[in-house]
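This report concerns only the one structure given below.
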Amino acid sequence: MPIDPTQPYDDNNVFARILRGELPSKKVYEDDFAFAFHDINPLAPVHILVIPKGPYVSWDDFSERASDEEIAGFVRAVGRIARDENLVAPGYRLLANVGANSGQEVPHLHVHLFGGRRLGPMLAR
Ligand code: 5GP
């Protein structure tokens, strides 16, 4: 069931609970602005979710409300994780779903980082 990205942030969403350590995750990276962990249902050999530490529902919410420091910190973290995973030379894909048309399921911004194989066409036709 896709989430409604226009609703206020829900403190009890599953990624908020992972951030607070209330639910387990396979952590990949953490700094002041970002937390990254392996997707529970990987769609590629590398499928990492990168989330901001702050309470943002989606890319829309983050790009509108986050501070320049949070945005810079988060974007730099995503790039760093891809480099740390040796994904730059073979190539990788970033994806952030927002709302119903995209099928966003969790109402805390997450960037999917896919790699480890040829990823195929950008969208199903
Ligand atoms: P969305 O469709 O919202 O862009 O992606 C949500 C992603 O979160 C899915 O790929 C799903 O497998 C992943 N996911 C959902 N619940 C959990 C969880 O509890 N732990 C982890 N590691 N991933 C989750």
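Quick caveat, the model's predicted, so the values are computed rather than measured. First listed ligand is number 1; within each ligand, the first listed atom is number 1.
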Self-check item: Donor + acceptor pair across side chains of Tyr29, Asp31 (<3.5 Å)
Solution: yes
Quiz prompt | Shared hydrophobic cluster for Tyr92 and Trp59 (ILVMFWY, side-chain gaps under 4.5 Å) | solution = yes
Self-check item: Donor + acceptor pair across side chains of Ser58, Asp60 (<3.5 Å)
Solution: no
Quiz item: Between Tyr56 and Glu70, is any side-chain donor less than 3.5 angstrom from a side-chain acceptor?
Solution: yes
Tabulate distances under 3.5 Å between N/O atoms of ligand 1 and N/O atoms of the protein, writing both atom names on each line.
from	atom 1	to	atom 2	distance (Å)
ligand 1	2 (O)	Gly103	O	3.4
ligand 1	3 (O)	Glu105	N	2.6
ligand 1	3 (O)	Val106	N	3.3
ligand 1	3 (O)	His110	NE2	2.7
ligand 1	4 (O)	Asn97	ND2	2.8
ligand 1	4 (O)	His110	NE2	3.0
ligand 1	4 (O)	His112	NE2	2.8
ligand 1	5 (O)	His110	NE2	3.1
ligand 1	5 (O)	His112	NE2	3.3
ligand 1	10 (O)	Asp39	OD1	3.3
ligand 1	10 (O)	Asp39	OD2	2.5
ligand 1	12 (O)	Asp39	OD1	2.5
ligand 1	22 (N)	His38	O	2.9
ligand 1	22 (N)	Ile40	N	3.3
ligand 1	23 (N)	Ile40	N	3.3

Quiz item: Any luck finding a side-chain donor-acceptor pair between His47 and His112 under 3.5 Å?
Solution: yes
Practice problem: Could you go through the side-chain contact (heavy atoms from CB on, under 4.5 Å) check for Val111 and Leu49 one step at a time? | Solution: CA-CA 6 Å; Val111 170; Leu49 300 171; over 6 Å; no
